[in-house]
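Start at 1 and go down the list; that is how both ligands and their atoms are numbered. Keep in mind that the numbers below use all heavy atoms, side chains included, and drop hydrogens, waters and symmetry copies.
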Amino acid sequence: MKVKRYKRVNKYLQFYMNSFGYRPPFQVVIDATFAQSCLKSKINIREQMTKYFGKHEIKLVTTVCVVQETQRLSQSLYGALLVIKQFPIHRCGHEKSPIAANDCIRELICGSGNNNPDHYMLATQDLQLTRSVRRSVVCPLIYLNGNVIVMTKPVDSVKEEAHRRGVDASDQLAEHDVQVLSKLKEIHGLADDSVGDNQPKKRRKGPKGPNPLSCKKPKTKPTTTTTTKTSGAGSSGSAGGGDGGTGSTDSRLRKRKRNRGRGGAASKTTHIKQMFDKIVANISTGGGGGGADTTN
Ligand SMILES: [Zn+2]
């Protein structure tokens with residue numbers, strides 16, 4: 001289970017890094033509710049957080065507003081105050097006049113443009129704060145589930161946003177690539193090829209144009225010219241015909257070859273049968289070299 005939990009958070013972190021530009025050290029804003037819950041469950045926040053994030057470096061921070069509010073509630077949250085004071089105080093802009101912790105965190109994370117520009121993560125047990133942050137910005141949310149620190153799974157709206165950004169990025173990349181390609185082509189004098197980029201598809205169709213049967217015929221020839229002297233003469237004749245230009249003899253030879261080619265296997269077998277019959281006949285009559293004569 002533990003391994004699964006670490007794998008899962010790694011997956012989520014990778015998602016936020018790839019889609020939203022999150023980079024370690026990840027800044028995790030901790031509020032009093034989270035500190036209080038961890039204290040109750042006897043969880044050492046720094047230790048467990050570091051373990052949970054594994055190889056990724058983290059920076060646990062809080063704000064002056066959170067500390068001030070916890071101080072005001074120190075009667076019930078004294079332990080949480082001690083915990084929260086361990087973390088460095090991040091500048092939130094309310095140092096002179098602290099505001100409510102939730103408002104401060106919301107302002108810090110959402111920023112002016114409501115887009116979490118500084119890539120904060122939020123560790124809180126406050127459902128109201130979680131909902132309001134989730135509704136307005138992309139922000140990884142961490143909470144304590146029992147006695148285990150957990151990052152919430154990116155919700156559908158976050159995934160959609162990631163997809164939208166991904167599409168935008170790919171569009172930009174495509175434009176950039178096209179520009180680079182065109183420049184490279186200009187440099188290497190291949191500008192015409194850019195026009196001809198559409199042509200290769202037509203060229204692909206081209207090779208189908210030449211009659212494939214005309215290419216196959218020469219392949220059938222060697223199979224037919226196996227046995228007799230006439231085939232050898234035919235081949236030499238055809239070569240001579242090619243040189244001398246005697247088209248009529250050429251065509252005759254081709255016709256002969258084709259005929260043999262068509263019935264090549266059958267004629268072979270009948271010929272062997274005839275030879276075999278003759279040899280048998282010769283043996284029965286007492287003659288020896290008849291078969292050899294016939295082969296020649
Ligand atoms: Zn503040």
Assess, by modelled atom type and distance only, whether the side chains of R106 and S132 contain a donor and an acceptor separated by less than 3.5 Å. yes
Under a 3.5 Å cutoff, is there a donor and acceptor pairing between the side chains of H94 and D103? no
Looking at R165 and E161, is there a salt bridge between them, counting it only when a charged N and a carboxylate O are closer than 4.0 Å? yes
By side chain to side chain contact (heavy atoms under 4.5 Å, CB included), which residues pair with R131, not counting sequence neighbours? L127, R135
Residues passing the side chain to side chain contact (heavy atoms under 4.5 Å, CB included) test with L39, sequence neighbours excluded, are Q36, V83
Give every protein N, O or S atom lying under 2.8 Å from the Zn ion (ligand 1), naming each by residue and atom. C65 SG, C92 SG, H94 ND1, C104 SG
Using a 3.5 Å cut-off and no angle test, enumerate the donor-acceptor pairs between side-chain atoms of residues 21-34 and protein atoms at least two apart in sequence or in another chain.
from	atom 1	to	atom 2	distance (Å)
Y22	OH	N116	ND2	2.9
Y22	OH	Y120	O	3.0
R23	NH1	M17	O	3.2
D31	OD1	T33	N	3.4
D31	OD1	T33	OG1	2.8
D31	OD1	F34	N	3.1
D31	OD1	T124	OG1	3.3
D31	OD2	T33	OG1	2.9
D31	OD2	T124	OG1	2.6
T33	OG1	T124	OG1	3.1
T33	OG1	Q125	N	3.0

